[in-house]
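Please read the structure below before turning to the comments.
The shown structure was predicted, so the numbers you read here are calculated from the model rather than taken from an experiment. Numbers for residues simply follow the sequence, beginning at 1. The figures here come from the full heavy-atom set of this structure, side chains too, leaving out hydrogens, waters and symmetry mates. Order of appearance sets the numbers: ligands from 1, and atoms from 1 within every ligand.
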Amino acid sequence: MKNIPQHARIVIVGGGIVGCSTAYHLARLGFKDILLLEQGRLTSGTTWHAAGLIGQLRPNRNMTMMSHYGIDLYARLEQETGFATGWRACGSLYVAQSNTRFRMMRQQASLARRHGVVCEEISPREAQDRFPLMRIEDLVGALWLPEDGKANPTDLCMSMARGAQQQGVSIVEATRVFAVHTEKLAHRPSVRGVRVRTCDGEQDIACEILVNCTGQWARQFAALAGVNVPLYAAEHFYIVTGKIEGVHPMLPVMRDPDGYIYYKEELGGLLMGVFEPVAKPWRVDPIPDDFQFQLLNEDWVQFEVLMKHALQRTPCLETAGVKMLLNGPESFTPDGNFIMGEAPELDGYFVCAGFNSSGIANSGGAGRLMAEWIAGGEASMDLSDVDIRRYAYFASNRRALAARTSETLGLHYAMRWPKYELQTARPLRTSAIYDLLAAKGAVFGSKNGWERANYFQKDQSIVGRPCLDKPHWLPLVQREQAVTRGSVAVYDQSSLSKILVQGRDALALLQRLCTNDVDLPLNGMCYTLMLNQRGGIESALTVIRIQCEVFMIVSGSAQAVRDTHWIVK
Ligand SMILES: Cc1cc2nc3c(=O)[nH]c(=O)nc-3n(C[C@H](O)[C@H](O)[C@H](O)COP(=O)(O)OP(=O)(O)OC[C@H]3O[C@@H](n4cnc5c(N)ncnc54)[C@H](O)[C@@H]3O)c2cc1C
C-alpha cells in the first residue's frame, strides 16, 4: 500500500477547490492531523474546467460575505504559498437592459456595499469605455466592481493545496473512499473512519471528523453513510474564441444577465458562457468515479439561443473563430444555495458542496466558514440559508432534483423577484384540504416541499406579474387580514413542523433549551426561542404542554430537521 496513514483526526474527501480550501483553513485554525483524499488527481472533478470568474455581487448576505473574503484571500495567496493563482483584479461590469433590472442591480449593489464591496453605478457609455467590444444601444445602466476579477481555477486550487500542505496537511491522490464507518455513542451514530481503495488494495483509516467535499458526487457519496445531500448535476456551457483584436488580459469580466451571458478574456480571445433559463440536467446516475478531467458532448442546440444574444451584444463574435464549446457538469441544489454544515443523521460528518456554479468565487469563504463550524461545533455566524438541515429527508428524490435543476441553474441571472416561487417539482407535499383550498382559488407557494396557500384569488384568469412595486395580490391579502381581525379565519397549518418531546426529563430539557419558562399548565402554550452559544436564534417555536410529561413543539415549515437535531444533539 502507498503511504496512507491509518489514523487522522479529520479526513476531507474530495480534492477540488472546496476540499483544498477547507483543508487550508482548518490548518490555519491550528488543526493538526488532517488528511485529504482524492479519488483521481487534485482539481480533476469540476474545478479544472471552470471559467474562473470571481465576482462579489450576490443575491444574499452570506454569499456576498463569502465572495468578498475570497477576493481578499486570492489576492494574497500567491505571495503566501509561492504558487501562482492566475488572480487578476481586472474588475467586472454588470449591464442592465431594462429599468427594472437596473433597479434590482442597484438593490444588490447596496447590499454589497454594506459588506465592504466597492461597487459604482455607471452609464452604458462608461461601461463601453471599459469593455469596448459591446454594443450599448439597448442598455439603461451598468455596475462597475473594480475589485472583482478572475483566476485560473486549477492554479488557485493547487495554491490552496500547497498552502494546506505547508501547514502540515497530508494530501493523497488516486485514493477512493468507498465506505464510512460509524459507531453509536450515547444513542447517536458518529463517524469512526473510512475505507479506501487504491491501486494497491484496500485499507481502513480511523477518524473523528469527515468532511464531504465531493462536489457533484456529494449526494451519492453521502448516501453511503445514510446522509441526505440533495444536489444534482447539470450540463453547463461556455465557448472560447481565438484571438480578438482589443482583447487583453485586464479586460474586465462582463455580465449581461438579461441575455443570460457572461464574458471574460481567455488567451487573447473571449470566453463567453451562459446560464440558460431552462437548463439540461445531466441524466446519469450514479456519476462515474472515473469521470476525471472529462467533459460532456457539445450541444449546440442548447447553446444556440443564447449565442444569438451574445452576437447581439458583441458582434465581434461573428468573425471570431470558436475554438471550443465546453460542456462540463456542475452540481445545483433545489434552492440555489450551497449545502454546508454537520449532517443531522451522523455526528462528525460535515458537508461542504452544491456550489451552483460559483464554487471558485466562494470556496475561500466557504472553506473558512466550514473550518470555523468544525472548530466551534456550530456555525460562527447565521448560516441558515446554506445549512444542510434546511432540507427534509425526502429532498434527495432524484426525479424531483433533476426537474428542479433545470430551473435552478437559470436562477444565476434570473430576476430575483420578491416572494418569487420556484415552479418545478411541484406539488410535492399537499395537505388534506389542498383540493378544497384550490377550489376556493388558492394561489400556492411552496416551503420545504409543502404547498401552502399564499393568497386566494377567485378570478384565476388574472395572472399577476412579478414586480418590485405593489404586488397585485396585496388587496387580496389585506382583505384576508381584515376578515381575520374582525371575524373568524381558519388557517391550514399542516406544513408547520411538529415535534413531540416526551418523558421524565422532557420539561428539564425544554427549560434548558428555551428562553421562556415552559413549565406550563396542562394545555397551556407559549411562544419561545431556542438560542445558540452566540445568543443567535436557532429556532422560534410554540411549545404546548399536552400532558404532564408530553410537549408538542410547533415551528416553521422548514425547521423540522434542524429543530430535531438541535434538541437531540
Ligand atoms: C462550465 C463551468 C464553468 C464554471 N465557471 C465558474 C466560474 O467562473 N466561477 C465560479 O466561481 N465557479 C464556476 N464554476 C463552478 C465551479 O467549477 C464549481 O463550483 C467548483 O469547482 C466545485 O468545486 P468542488 O471542490 O466542490 O468540486 P470538484 O472540483 O468536483 O471536486 C470534488 C472532488 O471530489 C472527488 N471525489 C468524489 N468522490 C470521491 C470519493 N468517493 N473519494 C475520493 N474523492 C472523491 C472528485 O474526484 C473531485 O475531484 C463553473 C462550473 C462549470 C461546469
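Judged by distance alone, with hydrogens and angles left aside, the side-chain atoms of S384 form no donor-acceptor pair with the main-chain N or O of D382 at under 3.5 Å.
Heavy atoms of L326 found under 4.0 angstrom from ligand 1 belong exclusively to the side chain. Residue contacts with ligand 1, taken as heavy atom pairs separated by less than 4.0 Å, do not involve S363 at all. Here F178 has no heavy atoms under 4.0 Å from ligand 1, in either its backbone or its side chain.
At a 4.0 Å cut-off, not a single heavy atom of A353 sits close enough to ligand 1 to count as contact. For the ligand labelled ligand 1, residue D289 lies outside the 4.0 Å heavy-atom shell. Residue-ligand proximity: R176 is placed with a non-hydrogen atom under 4.0 Å from ligand 1.
Polar contact with ligand 1: absent for W217 (N/O pair, distance under 3.5 Å). Note: an N/O pair closer than 3.5 Å links V18 and ligand 1 by distance alone. On a distance-only criterion, A361 and ligand 1 share at least one N/O pair closer than 3.5 Å. Considering both main-chain and side-chain atoms, C352 never comes within under 3.5 Å of ligand 1 through any nitrogen or oxygen pair. Taking any N or O of A51, backbone or side chain, at least one lies under 3.5 Å from an N or O belonging to ligand 1. Here's the thing with E330: one of its N/O atoms is less than 3.5 angstrom from an N/O atom of ligand 1.
Across every non-hydrogen atom of A161 and C20, the tightest pair is CB-SG, 3.9 Å. The minimum heavy-atom distance between A279 and T405, with the atom names listed, is CB-O, 4.1 Å.
A cation-pi arrangement, defined by a distance under 6.0 Å to the six-membered ring centre and an angle within 45 degrees of its axis, is present between R197 and F178. Geometric assessment of R368 against the ring of Y69 yields a positive cation-pi assignment under the 6.0 Å and 45° thresholds. By the 6.0 Å and 45° rule, R106 stacks over the aromatic ring of F102.
Nearest to atom 21 (O) of ligand 1 by heavy atom, out of L231, T47, V13, is T47. Here the shortest heavy-atom distance to atom 27 (O) of ligand 1, taken over P329, G215, A174, A179, belongs to G215. Nearest to atom 39 (C) of ligand 1 by heavy-atom distance, out of R197, Q39, Q292, is Q39.
Applying the side chain to side chain donor-acceptor pair (under 3.5 Å) test between R390 and each of D335, D385, N337 identifies D335 as the sole match.
A search for side-chain contact (heavy atoms from CB on, under 4.5 Å) contacts involving A361 returns I54, R58, not counting sequence neighbours.
Taken to the nearest 0.5 Å, the CG atom of D299 stands 6.5 Å off from the CD atom of E235.
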